[in-house]
Amino acid sequence: MPNIIEITDFADPALDVYARLTEAQLRNRLRPEDGLFIAESPKVIGYALDAGYAPVSLLLERRHIAGKAAPLLARVGEVPVYTAEPALLERLTGYPLTRGVLCAMRRRPLPGAEALCRDARRVAVLEGIVDTTNIGAIFRSAAALGVDAVLLSPSCCDPLNRRAVRVSMGTVFQVPWTYLGDSPAEWPEAGLKRLKALGFESVALALSDDSLDIDDPALASRPRLALVLGTEGDGLAPATIARCDFTARIPMAHGVDSLNVAAAGAVAFWELCRRKI
């Protein structure tokens, strides 16, 4: 039976997760085992439950109890389900619940890169990407186009940020991911060495006079390949490009010199992963 609780007190500490805690506070770097994240919409929450994430509570519009949230409520046991009318919920959260259902969920320990990549053939490696929309879009493309895992440099933003989860449409729960180290000092040298030890050759996506076209057979034929994508503004750091085995570019027309990192990732994933889909 769902534990339905009508909201009467905005100051209830149990609502802090939805209204008063920042993303940094939710993540709880000091005590990762206590970290939380917010999943939004029945579909995305369902994917998180499928992946084994444990719900802590839900916040939803009253009309969804017997409507689109009903299948979710049948899966979450007796966790608190806070509810009210839409106008009241918007006053609480400070934004409209466009999909009507939020779920606070417990984070899980991240796997090591070695365990994550043991059977992988194509992985995406993200360097310094801090825009949550780009992170979410990259995960969605990775899931759709056959990437086996996503590895992030320590300076990347959190894939379980609420906006990143929403933009990913829940694929952040379907594609395995982890960080390549805990400190910025561990990237790029140590991180790329770990990938090399796992049998991966690395290809930097960057504009360079000596780069290969992304459809060069020399890339597609590699049995294990790590596709390295750089930050939104400056792209990959020169030190990263220098340490990669290959550099590849996406040929473009009309004088366009670059693509958004999420768009570039989708093109690279299609070209270099499609033979294994």
Side-chain angles (χ1 to χ4, degrees), residues 1-28 31-111 132-133 135-137 139-140 142-144 150 158-177:
M1 281 289 291
N3 179 18
I4 307 296
I5 301 171
E6 188 76 21
I7 295 173
T8 58
D9 180 9
F10 277 12
D12 185 343
L15 300 174
D16 286 352
V17 63
Y18 300 106
R20 289 174 284 273
L21 296 183
T22 66
E23 289 286 348
Q25 289 170 323
L26 286 174
R27 192 173 181 183
N28 199 340
R31 290 179 54 82
E33 67 275 15
D34 293 335
L36 302 173
F37 67 91
I38 302 293
E40 183 176 347
S41 87
K43 177 185 284 189
V44 170
I45 296 166
Y47 287 150
L49 292 173
D50 292 343
Y53 288 91
V56 174
S57 66
L58 287 94
L59 179 72
L60 50 83
E61 296 176 17
R62 186 181 295 114
R63 65 191 174 97
H64 293 318
I65 294 174
K68 64 182 183 181
L72 284 179
L73 300 185
R75 299 181 63 184
V76 298
E78 297 184 358
V79 303
V81 179
Y82 298 98
T83 185
E85 291 300 319
L88 191 64
L89 293 180
E90 185 172 348
R91 284 174 54 201
L92 170 68
T93 61
Y95 54 86
L97 273 65
T98 55
R99 293 170 177 81
V101 184
L102 301 179
C103 184
M105 310 192 86
R106 187 75 61 193
R107 288 176 180 264
R108 300 188 311 186
L110 290 174
T132 53
T133 298
I135 288 287
F139 268 90
R140 191 170 183 182
V150 175
D158 177 20
L160 294 183
N161 171 282
R162 187 174 71 91
R163 182 169 178 79
V165 171
R166 184 171 72 246
V167 173
S168 83
M169 291 298 293
T171 54
V172 71
F173 306 120
Q174 298 174 322
V175 181
W177 63 272

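Computed from a prediction, not measured in an experiment: that's the story for all the values here. Count residues from 1 along the sequence.
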Engineer: Give, for atom CD of Gln174 and atom CE of Met169, the distance between the pair rounded to the nearest 0.5 Å.
Structural biologist: 10.0 Å
Engineer: Just verifying a value: how many Å separate His64 NE2 and Leu72 CG, rounded to the nearest 0.5 Å?
Structural biologist: 11.0 Å
Engineer: Heavy-atom distance under 4.5 Å between the side chains of Thr132 and Val167, does that happen here?
Structural biologist: no
Engineer: So, using salt bridge (charged side-chain N to carboxylate O under 4.0 Å, His left out) as the criterion, who are the partners of Arg75 when residues are at least two apart?
Structural biologist: Asp50
Engineer: Suppose we screen for side-chain hydrogen bond (donor to acceptor under 3.5 Å, both in side chains). Which residues come up paired with Arg108, at least two apart in sequence or across chains?
Structural biologist: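 Here no residue qualifies.
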Engineer: Any heavy-atom pair between the side chains of Phe173 and Val165 that's under 4.5 Å?
Structural biologist: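 With C-beta onward as the side chain, the pair touches.
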Engineer: Say whether Thr133 and Arg163, considering side chains only, have a donor N or O and an acceptor N or O under 3.5 Å apart.
Structural biologist: yes
Engineer: Apply side chain to side chain contact (heavy atoms under 4.5 Å, CB included) to Ala70 and list each qualifying residue two or more places apart in sequence or on a separate chain.
Structural biologist: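 Residues passing side chain to side chain contact (heavy atoms under 4.5 Å, CB included) with Ala70: none at all.
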Engineer: For Leu26, what residues pass the side chain to side chain contact (heavy atoms under 4.5 Å, CB included) criterion, not counting sequence neighbours?
Structural biologist: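 With sequence neighbours excluded, Leu26 shows a side chain to side chain contact (heavy atoms under 4.5 Å, CB included) to Val17, Leu21, Glu23, Leu36, Ile38, given in chain and number order.
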Engineer: In Å and rounded to the nearest 0.5 Å, what is the CG to CD1 distance from Leu58 to Ile65?
Structural biologist: 10.5 Å
Engineer: Mind listing the closest non-hydrogen atom pair of Leu49 and Met105 along with its distance?
Structural biologist: CD2-CE, 3.6 Å
Engineer: Taking all atoms of both residues into account, what is the closest heavy-atom pair of Cys103 and Ile45, and its distance?
Structural biologist: CB-CD1, 3.6 Å
Engineer: Quick one: CD on Glu40 to CZ on Arg166, what's the gap to the nearest 0.5 Å?
Structural biologist: 5.0 Å
Engineer: Taking all non-hydrogen atoms of both residues, which atom of Thr171 and which atom of Ser168 are closest, and how far apart?
Structural biologist: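 Of all heavy-atom pairs spanning Thr171 and Ser168, the closest is OG1-O, 2.7 Å.
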Engineer: Looking only at heavy atoms, what is the nearest atom pair of Val172 and Phe139, with distance?
Structural biologist: CA-CD2, 3.8 Å
Engineer: In Å, rounded to the nearest 0.5 Å, how long is the span from OG1 of Thr83 to CD of Glu61?
Structural biologist: 8.0 Å
Engineer: Distance from Leu59 atom CG to Ile5 atom CD1, nearest 0.5 Å?
Structural biologist: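 CD1 of Ile5 is found 11.0 Å from CG of Leu59.
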Engineer: Which heavy atom of Gly170 sits nearest to which heavy atom of Val44, and what is that distance?
Structural biologist: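 For Gly170 and Val44, the tightest heavy-atom pair comes out as N-CG2, 3.8 Å.
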Engineer: Where is the tightest heavy-atom contact between Phe10 and Leu15, given as atom of each residue plus distance?
Structural biologist: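 That would be O-CD1, 4.3 Å.
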Engineer: Within the side chain of Tyr18, is there an N or O that forms a donor-acceptor pair under 3.5 Å with the backbone of Ala104?
Structural biologist: yes
Engineer: Side chain to side chain contact (heavy atoms under 4.5 Å, CB included) with Thr8: which residues, sequence neighbours excluded?
Structural biologist: none
Engineer: With sequence neighbours left out, write down each residue that passes salt bridge (charged side-chain N to carboxylate O under 4.0 Å, His left out) with Asp12, or none if nothing qualifies.
Structural biologist: none
